[in-house]
Asker: 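Pasting in a structure now, in structure tokens, and then I'll have a few things to ask.
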Amino acid sequence: SSRFELLDISWFTACMEAGRPVDSELKYRLMDAFEVMAENYEFKENEIFCLEFLRAASVLKFLPFPVTKMKDIQGLPCMGDRVRDIIEEIIEEGESSRAKEVLNDERYQSFKQFTSVFGVGVKTSEKWYRMGLRTLEEVKADNTLKLSKMQKAGFLYYEDLVSCVSKAEADAVSLIVKNTVCRFLPDALVTITGGFRRGKEIGHDIDFLITNPGPREDDELLHKVVDLWKKQGLLLYCDMIESTFVKEQLPSRKVDAMDNFQKCFAILKLYQPRVDNSSYNMSKKFHTEVKDWKAIRVDLVITPFEQYAYALLGWTGSRQFGRDLRRYANHERKMILDNHALYDRRKCQQPGIRFRNRKGCWLLLYQTLVPLAGV
Ligand code: 8DG
Ligand code: MN
Ligand code: MN
């Protein structure tokens, strides 16, 4: 039923409180199959089917009991027909023919390779695939392609960027970020967000949220930080996004909306002591240089202090949790949550006005939305 399409937070919380999720071989096999299916739908830009499998994977992940038969998933939310078919097949046959088909699919394999490059998304992959390109080697060999600055960096530091960031590396970068920020704003709060704040051991990047609790604000802070790293030779790439937040602006109703904070998507050079002495000695012998650093993707986001709590919630993720939280706020609490504030729709003096946005989607416009208290 449609009631179950919403992730019921109380049900979810009950599962979390019931203890650690119970893992079983079969559950991992199911989650892996769902993730492959979701990814393939993402590559086909079918957001609805993609989300269906992502939600199903999230539900299984925190299920406090193992799944061994169809009866185990009875009454669970987010188990639509497409999902159930795969569960049934995996329970009976041990694997999913559909997921296997996807894994062997040429288009899926190419998109998987292409999107592993920083700066390459589904749109670019589609373009390359249509041009007949199938592997990253073929892309690299094609010098008619116009790569963006971001994609060039993506290829240049490819090996480092696909190898995951460890917790130790995150801590090392965290020190660098804190030291640099505090040079310019001594009282600034610098917090790791993203996967590492959720307790993950590895990540694809490191996310930071920066705010200043004091009266002082510095619109130039992020520029100063980045400029210093440039001078120190630590900045390998930087894409600065200026803030587009307007106080009177109405919140975005899109479930997947990004925010309007000033931010920087960067690649930093993290110097690492070499553990492996043999290559060092070899290099001394042959007078070649040994690379003693690793390229690391870093996201820096800066927020006004009153919006810090909402930014922290949003940037902590996961993406799926954020989506569900916003859906819950909207449908069950009649509120609107985004990375800037929480708004109560019932406190509106005037009813919302329906209008179509540029993409032709219906939106509700509230003229008198007042954000609830911030930090
Ligand atoms: P990972 O890096 O370990 O792979 O996982 P992650 O840390 O959860 O993912 P992320 O892509 O680094 O994003 C961190 C969270 O921030 C994610 O759950 C969604 C949220 N988020 C926003 N705004 C934006 C945005 O503009 N871009 C991205 N990439 N994420 C955003 O709230
Ligand atoms: Mn991250
Ligand atoms: Mn990130």
Side-chain angles (χ1 to χ4, degrees), residues 7 31 35 38-39 42 47 50-51 54-55 57-58 61-62 112 115-123 150 153-154 157 160-174 177 190-211 222 236-245 249 251-268 270 294-304 307-330 336-342:
L7 184 55
M31 277 168 11
E35 266 151 36
E39 200 173 29
E42 188 190 338
E47 199 188 357
C50 172
L51 284 178
L54 286 182
R55 284 195 200 107
S58 290
K61 195 170 184 176
F62 283 102
K112 182 97 185 153
T115 55
S116 71
V117 180
F118 173 57
V120 179
V122 176
K123 290 265 165 9
M150 199 182 223
Y157 307 113
D160 280 359
L161 298 184
V162 285
S163 83
C164 288
V165 181
S166 69
K167 183 82 184 56
E169 286 163 342
D171 291 338
V173 172
S174 180
V177 176
V190 178
T191 313
I192 283 203
T193 58
F196 287 110
R197 185 158 190 264
R198 302 198 303 276
K200 273 175 60 175
E201 288 295 320
I202 52 165
H204 96 280
D205 68 354
I206 317 167
D207 308 279
F208 292 94
L209 198 61
I210 303 165
T211 191
L222 217 44
L236 299 171
Y237 170 85
C238 170
D239 181 12
M240 185 75 79
I241 316 278
E242 293 305 329
S243 165
T244 53
F245 184 75
Q249 193 175 303
S252 171
R253 298 285 306 275
K254 268 176 63 190
V255 170
D256 258 325
M258 289 305 158
D259 51 54
N260 305 302
F261 296 121
Q262 185 191 29
K263 53 179 91 69
C264 171
F265 304 116
I267 301 178
L268 273 196
L270 177 66
K294 183 180 170 187
I296 306 231
R297 273 272 301 112
V298 174
D299 286 344
L300 302 175
V301 184
I302 188 154
T303 90
Q307 298 173 20
Y308 175 69
Y310 301 102
L312 184 61
L313 182 61
W315 274 90
T316 299
S318 66
R319 199 159 281 230
Q320 193 54 38
F321 181 69
R323 280 188 197 114
D324 283 320
L325 211 54
R326 289 189 290 272
R327 282 164 67 101
Y328 178 77
N330 198 358
I336 302 173
L337 175 70
D338 65 13
N339 280 3
H340 298 275
L342 180 66

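Each ligand, and each atom within it, is numbered from 1 in the order the structure gives. We use all heavy atoms of the structure for the numbers below, so side chains are in, but hydrogens, waters and symmetry mates are not.
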Asker: Does I192 reach the side chain of F208, with side-chain heavy atoms less than 4.5 Å apart?
Answerer: yes

Asker: Main chain of L312, side chain of T316: is a donor-acceptor contact present, judged purely on distance under 3.5 Å?
Answerer: yes

Asker: If I apply the N/O under 3.5 Å rule, does F265 come out as touching ligand 1?
Answerer: no

Asker: Would you say R198 and ligand 1 have an N/O pair spaced under 3.5 Å apart?
Answerer: yes

Asker: Looking at L209, N339, I302, which one forms a side-chain contact (heavy atoms from CB on, under 4.5 Å) with F261?
Answerer: N339

Asker: Is there an N/O/S atom in D299 at a distance below 2.8 Å from the Mn ion (ligand 2)?
Answerer: no

Asker: Which atoms of ligand 1 sit under 4.0 Å from any heavy atom of N339?
Answerer: 22 (C), 23 (N), 32 (O)

Asker: If we only count N/O pairs under 3.5 Å, is T316 in contact with ligand 1?
Answerer: no

Asker: Please state whether the rings of Y237 and F118 are parallel, tilted or perpendicular, taking 30° and 60° as the class boundaries.
Answerer: perpendicular

Asker: Is there a side-chain contact between D338 and D259, using heavy atoms and a 4.5 Å cut-off?
Answerer: no

Asker: Side chains of L313 and L325, heavy atoms from C-beta outward: is any pair under 4.5 Å?
Answerer: yes

Asker: If you measure every N/O of K263 against every N/O of ligand 1, is any gap under 3.5 Å?
Answerer: no

Asker: So, does G322 sit close enough to ligand 1 that a heavy atom of it is under 4.0 Å from the ligand?
Answerer: no

Asker: Quick one: does any side-chain atom of D205 pair with a main-chain N or O of R297 as donor and acceptor, under 3.5 Å?
Answerer: no

Asker: Within a distance under 4.0 Å of any heavy atom of G317, pick out the atoms of ligand 1 and give their elements.
Answerer: 18 (O)

Asker: I need the atoms of ligand 1 closer than 4.0 Å to a non-hydrogen atom of G195, numbered in the order shown.
Answerer: 6 (P), 7 (O), 8 (O)

Asker: Evaluate the side-chain proximity of L51 to Q320: yes if any heavy-atom separation is below 4.5 Å, no if none is.
Answerer: yes

Asker: Would you mind running through ligand 1 and noting each atom that sits below 4.0 Å from a heavy atom of D205?
Answerer: 2 (O), 12 (O)

Asker: Check ligand 1 against H204 and write out every atom of the ligand that is under 4.0 Å from a heavy-atom position of the residue.
Answerer: 1 (P), 2 (O), 3 (O), 4 (O), 11 (O), 12 (O)

Asker: Just give me the atom name: the N, O or S atom of D205 closest to the Mn ion (ligand 2).
Answerer: OD1

Asker: Just so I know, are the side chains of L54 and R323 near enough to count as touching, which here means a heavy-atom distance under 4.5 Å?
Answerer: yes

Asker: Which residue, T211, T191, T303, forms the side chain to side chain donor-acceptor pair (under 3.5 Å) with Y308?
Answerer: T191

Asker: Run the numbers for me: atoms of ligand 1, each under 4.0 Å from some heavy atom of G314, listed by number.
Answerer: 16 (O), 20 (C), 32 (O)

Asker: With a cut-off of 4.0 Å, which atoms of ligand 1 are near a heavy atom of G203?
Answerer: 3 (O)

Asker: Among the N, O or S atoms that D207 has, which is closest to the Mn ion (ligand 2)?
Answerer: OD2

Asker: Considering the heavy atoms of D259, write down every atom of ligand 1 situated less than 4.0 Å from one of them.
Answerer: 23 (N)

